[in-house]
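Counting starts at 1 for both ligands and their atoms, in listed order. Just so you know, these numbers come straight off a predicted model, no measurement behind them. Below, all heavy atoms of this structure are taken into account, side chains as well, without hydrogens, waters or symmetry copies. We're numbering straight along the sequence, starting at 1.
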Amino acid sequence: MLPAQAPFPAARFRRARQSDAIRSLVRENTLTPADFIWPVFVRDGEGMEEPVPSMPGVLRRSVDRVADAARDAYAMGIPAICLFPYTDPSLKTADCAEAWNPDNLSNRATRAIKDAVPGMAVMTDVALDPYNIDGHDGFVENGEIVNDRTVEALVKQALSQADAGADIIGPSDMMDGRIGALRQALEAAGHNNVMLLSYAAKYASAFYGPFRDAVGASGALKGDKKSYQMDPANSDEALRLVARDLNEGADMVMIKPGMPYLDICQRVKARFGAPTFAYQVSGEYAMIQAAAQNGWVDGERVMLESLMGFKRAGCDGVLTYFAPEAARILNA
Ligand SMILES: NCc1[nH]cc(CCC(=O)O)c1CC(=O)O
């Protein structure tokens with residue numbers, strides 16, 4: 001209910017905007033480095049850092065360099081890092097066995113980070129696409145992305161990640177029933193404290209393009225992901241998915257992409273009150289960087305404004321490639 005407002009000139013809204021001091025007193029939302037989960041790309045080798053062409057400012061790092069970057073990020077107040085492996089094409093197979101190899105890139109990076117920065121939360125990605133010759137998040141049988149057999153594989157993948165020391169497991173695959181299966185398997189294996197951050201409302205989005213380049217999945221992907229990721233036209237469905245995943249044992253939920261789906265963030269937070277995150281995805285990052293590089297927008301200000309939007313929409317935090325840059329500015 002809105003309180004009654006005095007008429008002008010008794011009420012002048014500009015009084016509350018007159019100075020930095022007053023503006024900071026009445027500010028409704030805040031943005032801090034503690035709001036960020038930083039997604040990073042991991043590659044093989046040592047001492048390696050290579051730029052991702054479609055994401056200016058983003059690097060693929062070898063495991064040792066990821067650990068160094070994690071240490072720096074944590075020192076800036078970023079509490080969590082999220083790993084995405086750039087898997088060598090020769091390791092991509094139809095059975096996706098590399099996904100649950102205890103020594104795969106993601107698991108090695110998890111151990112290296114937990115070693116270097118024990119206080120930092122490590123989040124890992126559950127989905128078969130980095131390991132699948134078909135580029136899909138699930139197994140493909142006769143052109144169909146099959147659900148139940150995929151869930152069995154996702155369970156193996158998640159257990160290997162938990163064994164490696166992951167604190168937060170992020171299923172980004174959009175198969176049905178995976179949250180319940182993962183929770184049950186984690187409990188049975190004694191991983192009682194491993195958290196599930198469900199990509200509950202993940203849309204079939206064109207904004208993932210630069211990411212697929214970054215992890216080398218663009219070439220591999222046959223067809224599209226519309227039979228498992230959500231239709232961008234839907235929003236009630238997002239609420240049903242969040243309800244379902246919370247019931248199956250998700251600790252936190254995510255909406256993805258971010259900026260075009262702030263309405264979903266707001267509805268989800270208002271309805272469920274659960275820890276709610278948005279993923280400001282690769283295409284959102286690339287658009288801002290491209291416009292900034294052309295001098296068309298002030299990159300730093302647009303970055304911070306876009307991130308504040310997530311807080312205003314009710315998100316508890318945001319996965320963003322801007323995390324280190326934004327933290328540096330916020331700490332200055
Ligand atoms: N499991 C796939 C996955 N995990 C995270 C992203 C996208 C992240 C981004 O665009 O930044 C994707 C892409 C996809 O679904 O094709």
Side-chain angles (χ1 to χ4, degrees), residues 36-42 52-60 81-87 92 96 98-99 104-106 123-140 145 147 150-151 153-154 157-158 161 166 168-175 178-179 182 196-232 241 253-261 277-290 303 306-307 310 318-323:
F36 302 146
I37 298 175
W38 182 30
V40 294
F41 300 110
V42 193
V52 176
S54 52
M55 299 178 72
V58 168
L59 304 169
R60 297 188 193 107
I81 192 166
C82 177
L83 304 175
F84 291 102
Y86 174 81
T87 306
K92 298 186 189 207
C96 304
E98 183 65 8
N104 69 21
L105 259 185
S106 173
M123 173 172 169
T124 52
D125 187 59
V126 166
L128 300 181
D129 55 317
Y131 311 102
N132 196 342
I133 37 167
D134 298 296
H136 278 290
D137 294 20
F139 290 125
V140 183
I145 292 90
N147 194 87
T150 297
V151 171
L154 299 175
Q157 180 181 23
Q161 294 171 352
I168 303 170
I169 288 185
S172 68
D173 54 281
M174 288 295 280
M175 297 298 123
R178 89 272 207 223
I179 299 298
L182 292 171
L196 288 174
L197 169 45
S198 174
Y199 288 61
K202 177 173 177 181
Y203 288 85
S205 173
F207 285 93
Y208 307 149
F211 173 95
R212 291 180 192 167
D213 294 339
V215 296
S218 310
L221 183 61
K222 299 184 181 107
D224 58 50
K225 300 192 175 185
K226 291 179 186 169
S227 76
Y228 47 108
Q229 298 180 345
M230 279 180 71
D231 182 339
L241 288 169
V253 293
M254 193 202 295
I255 291 90
K256 178 182 177 188
M259 281 153 47
Y261 297 88
F277 292 80
Y279 196 144
Q280 184 180 50
V281 301
S282 56
E284 302 174 59
Y285 173 87
M287 287 195 308
I288 293 174
Q289 291 295 72
M303 168 182 74
S306 71
L307 293 169
F310 294 109
V318 45
L319 287 91
T320 176
Y321 301 98
F322 285 123

Original post:
Between Tyr208 and Lys225, is there a cation-pi geometry (under 6.0 Å to ring centre, at most 45° from the normal)?
Top reply: no
Atoms of ligand 1, numbered as shown, that sit under 4.0 Å from any heavy atom of [X]:
X	result
Tyr321	8 (C), 9 (C), 11 (O)
Lys202	1 (N), 2 (C), 3 (C), 4 (N), 12 (C), 14 (C), 15 (O)
Lys256	3 (C), 4 (N), 5 (C), 6 (C), 7 (C), 8 (C), 12 (C)
Tyr279	8 (C), 11 (O)
Gln229	14 (C), 15 (O)

Subject >> Check: Phe41 ring centroid to Phe211 ring centroid under 6.0 Å >> reply: yes
Original post:
Under a 4.0 Å heavy-atom limit, does Ala127 contact ligand 1 with its side chain, its backbone, both, or neither?
Top reply: side chain
Original post:
Any idea which part of Val281 is under 4.0 Å from ligand 1, heavy-atom wise: side chain, backbone, both or neither?
Top reply: both
Original post:
With distance as the sole criterion, is a donor-acceptor pair present between the side chains of Ser306 and Gln280 under 3.5 Å?
Top reply: yes
Original post:
Less than 4.5 Å apart, any side-chain heavy atom of Leu307 and any of Thr320?
Top reply: yes
Original post:
Does NZ belonging to Lys222 count more than 12 external heavy atoms closer than 6.0 Å?
Top reply: yes
Subject >> OH/Tyr279: more than 12 non-hydrogen atoms of other groups inside 6.0 Å >> reply: yes
Subject >> Residue list, side chain to side chain contact (heavy atoms under 4.5 Å, CB included) with Pro210, at least two apart or on another chain >> reply: Ser54, Met55, Ser282, Ala286
When you measure from [atom] to every protein heavy atom, which one gives the shortest distance, and what is it?
atom	value
atom 8 (C) of ligand 1	Phe211 CD1, 3.3 Å
atom 1 (N) of ligand 1	Ser172 OG, 2.8 Å
atom 2 (C) of ligand 1	Asp129 OD2, 2.9 Å
atom 10 (O) of ligand 1	Ser282 OG, 2.7 Å

Original post:
With respect to Gln161, which candidate in Thr124, Asn104, Asp125 satisfies the side-chain hydrogen bond (donor to acceptor under 3.5 Å, both in side chains) definition?
Top reply: Thr124
Subject >> Option whose closest heavy atom lies nearest to atom 14 (C) of ligand 1, chosen from Lys225, Met55, His136 >> reply: Lys225
